[in-house]
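Below is one structure; the comments refer to it alone.
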Amino acid sequence: MDPSCGRSFMQVLCEKYSPENFPYRRGPGAAVHVPPGPQVSPMKDRLNLPSILVLNSCGINCAGDESEIAAFCSHVSELDLSHNKLDNWEEVSKIVSSVPQLQFLNLSSNPLHLSVLGRSCARTFARIRNLVLNNCKASWETVHTLLMELPELEELFLCLNDYNTVLCSPVCYHSLKLLHITDNNLQDWSETRKLGTMFPCLDTLVLANNNLSKIEDSEESLARLFPNLRSISLHKAGLNSWRDIEKLNALPKLEEVRLLGIPLVEPYNTEERRKLVIARLPSVSKLNGSVVTDGEREDSERFFLRYYMNLPKEDVPLRYQELVTKYGNLEPLVEVDLRPQNKANVDIHFEEKVEKMSIRLDQTVAEFKKQLKNLVQLSTNNMRLYYLDLEAPFGPEEMKLSTRFLHSYNVHDGDKIYVEPKIK
């Protein structure tokens with residue numbers, strides 16, 4: 001295949017799904033047989049076509065014979081034409097109009113901004129429910145032309161289209177439930193709020209990588225703009241105020257939030273980031289893709305109270321008093337060092353002498369014997385050690401294993417260690 005030369009949709013279809021290249025039907029689909037005749041593709045009279053066609057990066061720049069597309073693709077429901085050379089909406093329309101069951105269409109990374117989309121052409125997309133226009137550089141005028149003719153559209157992807165603004169429409173599109181508009185440059189909230197006006201039934205809004213600097217609407221206005229929003233992604237937004245996060249509580253149906261990579265939380269460690277956000281968003285049940293359990297919420301809210309408890313009243317967040325009402329005034333947590341003791345002060349008994357010694361508990365019995373060698377004037381091979389735990393009901397325990405660590409004997413301050421020579 002020479003990627004510099006454009007090819008038709010039908011040509012690529014015949015090549016990719018011919019019996020030689022695709023001998024068995026895999027998954028849902030159909031083996032389509034076209035009887036011999038003048039209108040039959042000269043390539044093959046039989047193709048094994050699934051209901052989901054992936055023809056990305058194939059150099060397609062035109063439709064080809066529409067009657068053949070209709071004959072082969074009558075059952076196709078999903079079509080991926082991303083990364084091709086389609087630069088004319090008329091050619092895309094010919095393909096779409098010949099696939100009557102089509103519901104999902106991916107046109108990403110095709111230079112479709114080079115042509116103008118007319119209303120009559122857009123009508124052929126009327127059955128589409130999921131439309132992907134990432135990196136097509138499609139203008140807002142083109143998007144609105146499509147939206148006017150797609151009454152059943154539920155999901156729309158407009159990523160990487162270099163949008164600085166949002167062109168508002170005089171009409172609302174009530175069918176749209178999910179909008180991905182990541183990796184653009186929508187920094188001003190006055191542009192983002194237009195999305196709520198145009199799509200009042202929006203359930204999911206993905207605004208990641210837009211460097212949005214601030215949420216400027218009041219809580220009352222946010223509730224009116226996005227009354228049905230259940231999930232919002234502000235990943236790598238430019239937000240730097242906790243007030244912007246708290247405003248999300250105004251969204252009446254909000255359950256899921258993504259807030260990774262925003263400047264506001266960078267100064268905090270991982271535990272602090274998650275807990276301080278959870279405590280501020282009482283209705284959110286999923287944060288950054290992870291479910292917030294009841295236990296995690298209580299831990300986070302208690303952490304929040306202790307985190308701000310020593311600040312002056314005028315500096316504590318509004319949420320603080322709400323949580324004081326819920327949990328009362330908490331006591332500071334007592335810091336308990338649970339690390340194992342690494343030293344102990346013991347009495348070393350040998351030849352009727354007693355020496356007090358501070359010993360390391362992370363050393364082995366063999367290493368400890370070397371430490372005692374000069375004190376007791378015995379070689380390590382001629383030395384026997386006995387450990388006496390003052391709190392244990394038993395007598396001294398011989399420290400036989402040279403590789404055993406002293407801390408495994410549970411040595412404490414004040415315990416006794418007896419050193420005796422081996423009897424030959």
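Computed from a predicted model, the values in this text were never measured in an experiment.
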### Query
Do the side chain of Arg258 and the main chain of His235 share a donor and acceptor less than 3.5 angstrom apart?
no
### Query
With a 4.0 Å cut-off, would you call Lys94 and Glu91 a salt bridge?
yes
### Message
Using side-chain contact (heavy atoms from CB on, under 4.5 Å), reason through Leu281 and Asn249 one step at a time and then give a plain yes or no.
### Response
CA-CA 6 Å; Leu281 300 175; Asn249 288 314; 3.5 Å; yes
### Task
Taking the side chain as every heavy atom from C-beta outward, state whether Arg274 and Leu287 have any pair of such atoms under 4.5 Å apart.
yes
### Task
Could you tell me how the ring of His180 sits relative to the ring of Phe157: parallel (under 30°), tilted (30 to 60°) or perpendicular (over 60°)?
parallel
### Interatomic spacing from NZ in Lys253 to OG in Ser283 - rounded to 0.5 Å
13.0 Å
#### Entry: Close side-chain approach of Phe104 and Val132, heavy atoms under 4.5 Å
yes
### Task
Could you give me the CA-CA distance, side-chain angles and deciding distance for Lys177 and Glu154, then say whether salt bridge (Lys or Arg N to Asp or Glu O under 4.0 Å) is met?
CA-CA 5 Å; Lys177 300 296 188 296; Glu154 296 178 355; over 6 Å; no
### Query
For residues Ser139 and Thr142, is any side-chain donor paired with an opposing acceptor at under 3.5 Å?
yes
### Task
Please report the C-alpha distance between Asn134 and Leu158 in whole Å, then the side-chain angles of each, then the deciding distance to 0.1 Å, and finally whether the side-chain contact (heavy atoms from CB on, under 4.5 Å) criterion is met.
CA-CA 5 Å; Asn134 297 336; Leu158 296 174; 5.5 Å; no
### Task
Please answer whether the main-chain N or O of Pro263 pairs with a side-chain N or O of Asn240 as donor and acceptor at a distance below 3.5 Å.
no
### Task
Compute both the distance and the angle, then confirm whether Arg404 meets the cation-pi test with Tyr409: under 6.0 Å from the six-membered ring centre, within 45 degrees of the axis.
yes
### Message
One thing to verify: whether Lys275 and Asp299 come together as a salt bridge, which I'm taking to mean a side-chain N less than 4.0 angstrom from a carboxylate O.
### Response
no
### Derivation of the side-chain hydrogen bond (donor to acceptor under 3.5 Å, both in side chains) call for Gln103 and Glu152
CA-CA 9 Å; Gln103 295 189 354; Glu152 299 179 8; over 6 Å; no
### Query
Going through the distances and angles, do Asn228 and Asp203 end up as a side-chain hydrogen bond (donor to acceptor under 3.5 Å, both in side chains)?
CA-CA 6 Å; Asn228 295 292; Asp203 170 274; over 6 Å; no
### Message
Less than 4.0 angstrom from a charged side-chain N to a carboxylate O is my criterion; do Arg243 and Glu219 meet it?
### Response
yes
### Task
Answer yes or no: is there an ion pair linking Lys326 with Glu301, defined by an N-O contact shorter than 4.0 Å?
yes
### Message
Is it the case that over 12 heavy atoms from other parts of the model lie below 6.0 angstrom from the NZ atom of Lys369?
### Response
yes
### Task
Give, for atom CE of Met383 and atom CZ of Phe350, the distance between the pair rounded to the nearest 0.5 Å.
10.5 Å
### Query
So with a 6.0 Å cut-off around CG of Asn329, is the heavy-atom count from everything else above 12?
no
### Task
Indicate yes or no: does Arg224 engage Glu220 in a salt bridge with an N to O separation below 4.0 Å.
no
### Query
Looking only at side chains, do Ser190 and Asp188 share a donor and an acceptor under 3.5 Å apart?
yes
### Task
Answer yes or no: is there a side-chain heavy-atom contact under 4.5 Å between Tyr307 and Tyr268?
yes
### Query
Hey, is CG on Asp294 packed in by over 12 heavy atoms from elsewhere, all under 6.0 Å?
no
### Message
Taking atom NZ as the centre, does Lys247 end up with more than 12 heavy-atom neighbours from other residues, nucleotides or ligands that are less than 6.0 angstrom away?
### Response
yes
### Query
Roughly how far, to the nearest 0.5 Å, is SG of Cys136 from CH2 of Trp89?
6.5 Å
### Task
Kindly determine whether Ile245 and Leu264 satisfy side-chain contact (heavy atoms from CB on, under 4.5 Å), including the steps that lead there.
CA-CA 10 Å; Ile245 306 304; Leu264 172 65; 3.6 Å; yes
### Main-chain N/O of Asn381 paired to Lys422 side chain as donor or acceptor, under 3.5 Å
yes
### Query
Got a donor-acceptor contact below 3.5 angstrom from the Ser221 side chain to the Ser218 backbone?
no
### Query
Could you go step by step and tell me if Asp415 and Tyr387 meet the side-chain hydrogen bond (donor to acceptor under 3.5 Å, both in side chains) rule?
CA-CA 8 Å; Asp415 288 347; Tyr387 164 62; 2.6 Å; yes
### Task
Output the distance between atom CZ (Phe368) and atom NZ (Lys373), rounded to the nearest 0.5 Å.
14.5 Å
### Summary
Rounded to the nearest 0.5 Å, the CG atom of Leu205 sits from the CD1 atom of Ile181 at a distance of 8.0 Å
### Message
Between the side chains of Glu398 and Arg384, is the shortest nitrogen-to-carboxylate-oxygen separation below 4.0 Å, so that they form an ion pair?
### Response
yes
### Task
Taking the side chain as every heavy atom from C-beta outward, state whether Ile60 and Leu86 have any atom pair closer than 4.5 Å.
yes
### Query
After noting the C-alpha distance and the side-chain angles of Arg7 and Glu15, does the key distance pass the side-chain contact (heavy atoms from CB on, under 4.5 Å) rule?
CA-CA 11 Å; Arg7 299 189 299 158; Glu15 291 177 4; 2.6 Å; yes
### Summary
Taking every heavy atom of Val99 against every heavy atom of Arg127, the minimum-distance pair comes out as O-NH2, 3.3 Å
### Message
Ring-plane angle category for Tyr173 and His144, please: parallel below 30°, perpendicular beyond 60°, tilted otherwise.
### Response
parallel
### Query
Any side-chain heavy atom of Ser93 sitting closer than 4.5 Å to one from Val96?
no
### Message
Under a 3.5 Å distance rule, please check whether Lys194 uses its side chain to pair with a backbone N or O of Val166 as donor and acceptor.
### Response
yes
### Cationic N near anionic O, under 4.0 Å, Glu246 to Arg280
yes
### Task
Using side-chain hydrogen bond (donor to acceptor under 3.5 Å, both in side chains) as the criterion, list what pairs up with Asp162, not counting sequence neighbours.
none
### Query
With distance as the sole test, does Asn84 use its side chain to make a donor-acceptor pair with the main-chain N or O of Cys58 at under 3.5 Å?
yes
### Task
Might you point out which heavy atoms bring Pro100 and Cys73 nearest each other, and give the distance in Å?
CD-O, 4.3 Å
### Non-hydrogen side-chain atoms of Thr182 and Asn184 separated by less than 4.5 Å
no
### Task
Count the heavy atoms of every other residue, nucleotide or ligand shown that sit under 6.0 Å from CD of Glu314, and state whether that count exceeds 12.
yes
### Message
Please check this pair: side chain of Asp413 against backbone of Asn345, looking for a donor-acceptor N/O pair closer than 3.5 Å.
### Response
yes
### Task
Inspect the contact between Arg230 and Glu256 and indicate whether a charged nitrogen and a carboxylate oxygen are less than 4.0 angstrom apart.
yes
### Query
Will you find, in the side chains of Asn185 and Asn164, an N or O donor that is under 3.5 Å from an N or O acceptor?
yes
### Message
Main chain of Val292, side chain of Ser285: is a donor-acceptor contact present, judged purely on distance under 3.5 Å?
### Response
no
### Query
Is the closest side-chain heavy-atom distance between Leu179 and Val206 below 4.5 Å?
no
### Task
Would you mind reporting whether Val354 and Ile348 have side-chain heavy atoms less than 4.5 Å apart?
no
### Message
Any side-chain to backbone donor/acceptor pair from Asp244 onto Ile215? Under 3.5 Å, distance only.
### Response
yes
### Task
Report the distance from atom OG of Ser109 to atom NZ of Lys137, rounding to the nearest 0.5 Å.
7.5 Å
### Query
Backbone N or O of Arg193 within a donor-acceptor pair of the Asp217 side chain at under 3.5 Å?
no
